Amino acid sequence: ALTMVVSLVTPIATQALGEHATGQNIKDSQGTVYMIKPNANGVLERSPYTSAGAFLSYGFNSFSTVVDANAADLSLPVGSFIPPQDGRVVCSDRGSDLGTCYLISNRQKAGFVSEDVFTGLGFSFENAIYGDISFLPTTSNIETASQAHLPGTIIMNNNTIQLVSNSGL
């Protein structure tokens with residue numbers, strides 16, 4: 001019984017009193033949006049999204065659910081950037097690659113070499129997001145409409161929706 005009482009009053013993980021919960025998106029006074037999450041060592045941190053596009057690439061995110069950071073949140077260490085979600089198409093909105101569309105896969109960007117390849121693989125510009133992805137490392141371009149879909153892509157395979165991963169479907 002004592003163990004049960006102690007477990008009920010002991011804070012979960014390393015979350016401090018007054019901090020927002022793990023998974024909560026917060027923003028600081030400069031407008032930077034972070035997610036509160038544990039790092040590889042289990043220590044809570046606030047990780048910034050790389051851009052508004054990266055934030056919105058996670059379908060469950062909405063700016064209406066972002067809350068102002070409090071002092072406890074701001075005392076958390078800053079973790080690594082959160083890039084756009086794997087499987088999302090992001091078209092560059094600036095720089096030398098303005099207008100180039102990329103598929104995000106394994107936290108890298110793979111450029112489509114043409115509109116025919118893009119649409120031939122079943123992608124739609126209506127579902128693309130636009131933003132700065134200059135910070136992401138580049139992987140091999142997507143050269144033909146007949147090549148296999150990259151990890152992170154959701155496909156329709158014989159009326160079954162499947163996620164392409166590094167280990168298969």
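The structure presented is a predicted model; accordingly, all values stated were derived computationally and were not measured.
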So Ile36 and Ile26, side chain to side chain contact (heavy atoms under 4.5 Å, CB included) or not? Walk me through it.
CA-CA 8 Å; Ile36 296 176; Ile26 59 170; 4.1 Å; yes

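- Once rounded to the nearest 0.5 Å, the distance linking OG1 of Thr22 with CE of Met35 reads 10.0 Å.
- Using a 4.5 Å cut-off on side-chain heavy atoms (C-beta onward), Val113 and Ile142 make no contact.
- Each of Ile104, Asp93, Val90 was checked for a side-chain contact (heavy atoms from CB on, under 4.5 Å) with Ile129, and the lone residue meeting it is Val90.
- To the nearest 0.5 Å, atoms CG (Leu150) and OG1 (Thr139) are separated by 7.5 Å.
- For Thr119 (side chain) and Glu115 (main-chain N/O), a donor-acceptor pair under 3.5 Å exists by modelled atom type.
- Heavy-atom contacts from other residues, nucleotides or ligands closer than 6.0 Å to CD1 of Ile161 number 12 or fewer.
- Side-chain atoms of Gln147 come within 3.5 Å of backbone N or O of Thr144 as a donor-acceptor pair.
- In this structure, Leu136 and Pro84 have side chains that are in contact, with non-hydrogen atoms separated by less than 4.5 Å.
- At a threshold of 4.5 Å between non-hydrogen side-chain atoms, the residues His20 and Asn70 count as touching.
- Residues Thr50 and Ala54 share a closest heavy-atom pair of OG1-CB, 3.1 Å.
- Partners of Tyr34 by ring-ring contact (aromatic ring centres under 6.0 Å, His included), not counting sequence neighbours: none found.
- Distance CD1/Ile133 to CG/Asp97: 6.5 Å, rounded to 0.5 Å.
- The side-chain hydrogen bond (donor to acceptor under 3.5 Å, both in side chains) search around Asp116 returns none, not counting sequence neighbours.
- In the hydrophobic clustering of this structure, Tyr130 does not group with Tyr102; members are Ile, Leu, Val, Met, Phe, Trp, Tyr whose side-chain heavy atoms approach within less than 4.5 Å, directly or through other members.
- The OG atom of Ser140 lies 8.5 Å from the CD atom of Gln108; values are rounded to the nearest 0.5 Å.
- Taking every heavy atom of both residues into account, Ser47 and Ile82 meet most closely at O-CD1, 3.6 Å.
- In this structure, Phe63 places its CZ atom where more than 12 heavy-atom neighbours from other residues, nucleotides or ligands lie under 6.0 Å away.
- Within 6.0 Å of NZ on Lys37 lie more than 12 heavy atoms contributed by other residues, nucleotides or ligands.
- To the nearest 0.5 Å, atoms OG (Ser80) and CG (Asn39) are separated by 8.5 Å.
- Residues meeting the side-chain hydrogen bond (donor to acceptor under 3.5 Å, both in side chains) test with Asn41, sequence neighbours left out: none.
- Here the side chains of Ser105 and Pro151 are in contact, with some heavy-atom distance below 4.5 Å.
- Leu44 approaches Pro38 most closely through the heavy-atom pair CD2-N, 3.7 Å.
- Put simply, the side chain of Asn61 never gets that close to the backbone of Leu56: no donor and acceptor are under 3.5 Å apart.
- Partners of Gln85 under the side-chain hydrogen bond (donor to acceptor under 3.5 Å, both in side chains) rule, at least two apart in sequence or in another chain, do not exist in this structure.
- Looking at heavy atoms from C-beta onward, Leu169 lies in side-chain contact with Val164 at the 4.5 angstrom threshold.
- The pair Asp86-Arg107 does not count as a salt bridge, with every side-chain nitrogen at least 4.0 angstrom from each carboxylate oxygen.
- Contact between Thr153 and His149 at its shortest, heavy atoms only, is CG2-CD2, 3.6 Å.
- In this model, no donor atom of one side chain and acceptor atom of the other lie less than 3.5 Å apart for Asp132 and Ser51.
- Minimum heavy-atom separation, Leu76 to Arg46: O-NE, 3.2 Å.
- Residue pairs meeting the salt bridge (Lys or Arg N to Asp or Glu O under 4.0 Å) criterion with at least one member in residues 143-166: none, sequence neighbours excluded.
- Across all their heavy atoms, Cys101 and Val89 have their closest contact at CB-CG1, 4.2 Å.
- From Leu163, atom CG reaches atom CG of Asn157 across 12.5 Å, with rounding to the nearest 0.5 Å.
- Residues Thr100 and Cys91 are not in side-chain contact: their nearest non-hydrogen atoms beyond the backbone lie 4.5 Å or more apart.
- Every residue meeting the ring-ring contact (aromatic ring centres under 6.0 Å, His included) condition with Phe118, not counting sequence neighbours, appears here in chain and number order: Phe112, Phe123, Phe125.
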